[in-house]
Amino acid sequence: MNVTKSELIITAGNPSQFPNNEVVEIAFAGKSNVGKSSLINTLINRKALARTSSQPGKTQTINFYNIQDVINFVDLPGYGYARVSKTSRESWGKLIENYLSNRKTLKQVVLLLDIRHAPSENDKMMYDWISHYHQNVIIVATKQDKINRSQLQKHINIIKNALNLREQDKIVPFSATTKNGKDKIWELIDALVNVEI
């Protein structure tokens, strides 16, 4: 998709604020600082529509972005950051759970993992949770530029084995720095949305 129009629709702190429309949604999940905002910005050719932060746990709301009036990208709060209070973590958990299990327009969840590290317990929980509700999961393995090309397959295999990925799940190595993986991710999204723009 050639993106020429993208905008933040709403920053939702509770389900009553979720947009009331029929637009297909693609949600992005991952632990704090894994690169969700950087991925979204890369996909839509914008530098800072999705706010990036060096401070983990910054995104505490669900952010909805409209892309070309045909698709919404949904940035979920990062999980697994210890410094955030237990109360905050529980309220985000409920917010994310409500969205992932009840949202009719949600077509696909993209789970981001740092390619340099084996998936954490939180990553495994999130993958299991998503795969319970969805037929397939797209895994984007971020920060690919930080490892040697010769190590790539090894790291992909670590992720596949740790999560026990199913045949229908996809894994795409990605780098916000080099833009590697961007076209492949769009290919998967375009196939889901089934629109030509």
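Only this structure's heavy atoms are used, side chains among them; waters, hydrogens and symmetry mates stay out.
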Within-4.5 Å side-chain heavy-atom neighbours: Ile171 and Lys160: yes
Pairing residues for Phe28 by the ring-ring contact (aromatic ring centres under 6.0 Å, His included) criterion, not counting sequence neighbours: Phe73
Non-hydrogen side-chain atoms of Leu111 and Ile130 separated by less than 4.5 Å: yes
Heavy-atom side-chain proximity of Glu121 to Lys124 below 4.5 angstrom: yes
Co-membership, hydrophobic cluster, residues Met126 and Ile158, 4.5 Å side-chain: no
Under 3.5 Å: donor-acceptor pair, side chain of Asn148, backbone of Gln151: no
Note, Ser37 side chain near Asp75 side chain (heavy atom, < 4.5 Å): yes
Side-chain donor-acceptor contact under 3.5 Å, Ser120 with Asp123: yes
Test item: Ile26 and Leu192 side chains (from C-beta on) under 4.5 Å apart, heavy atoms: yes
Rounded distance [0.5 Å steps], CG in Asp190 versus CD1 in Ile71: 7.5 Å
In one Ile/Leu/Val/Met/Phe/Trp/Tyr side-chain cluster, 4.5 Å: Ile10, Leu76: yes
Parallel, tilted or perpendicular: rings of Phe18 and Tyr99 (30°, 60°): perpendicular
N/O donor-acceptor pair under 3.5 Å between Asn98 side chain and Lys94 backbone: no
Sub-4.5 Å side-chain heavy-atom contact between Arg166 and Asp169: yes
Beyond-backbone contact of Val109 with Leu100, side-chain heavy atoms, under 4.5 angstrom: yes
Whether Arg116 side chain and Ile147 backbone form a donor-acceptor pair below 3.5 Å: no
Any donor-acceptor N or O pair under 3.5 Å, side chains Asn45, Lys182: yes
Same apolar cluster (I L V M F W Y, side chains within < 4.5 Å links), Val23/Ile40: no
Could you pull out every donor-acceptor pair under 3.5 Å between side chains of residues 132-143 and any protein atom, sequence neighbours left out?
from, atom 1, to, atom 2, distance (Å)
Thr142, OG1, Val34, O, 2.9
Thr142, OG1, Leu113, O, 3.2
Lys143, NZ, Asn33, O, 3.4

Modelled atom types, side-chain donor and acceptor of Gln68 and Thr4, under 3.5 Å: yes
Any side-chain heavy-atom pair of Arg103 and Glu25 under 4.5 Å: yes
Asn180 and Thr178: CA distance, side-chain angles, deciding distance, side-chain hydrogen bond (donor to acceptor under 3.5 Å, both in side chains) verdict: CA-CA 5 Å; Asn180 188 57; Thr178 66; 5.3 Å; no
Residues Met125, Asp128; criterion side chain to side chain contact (heavy atoms under 4.5 Å, CB included); working and verdict: CA-CA 5 Å; Met125 262 169 53; Asp128 290 344; 5.8 Å; no
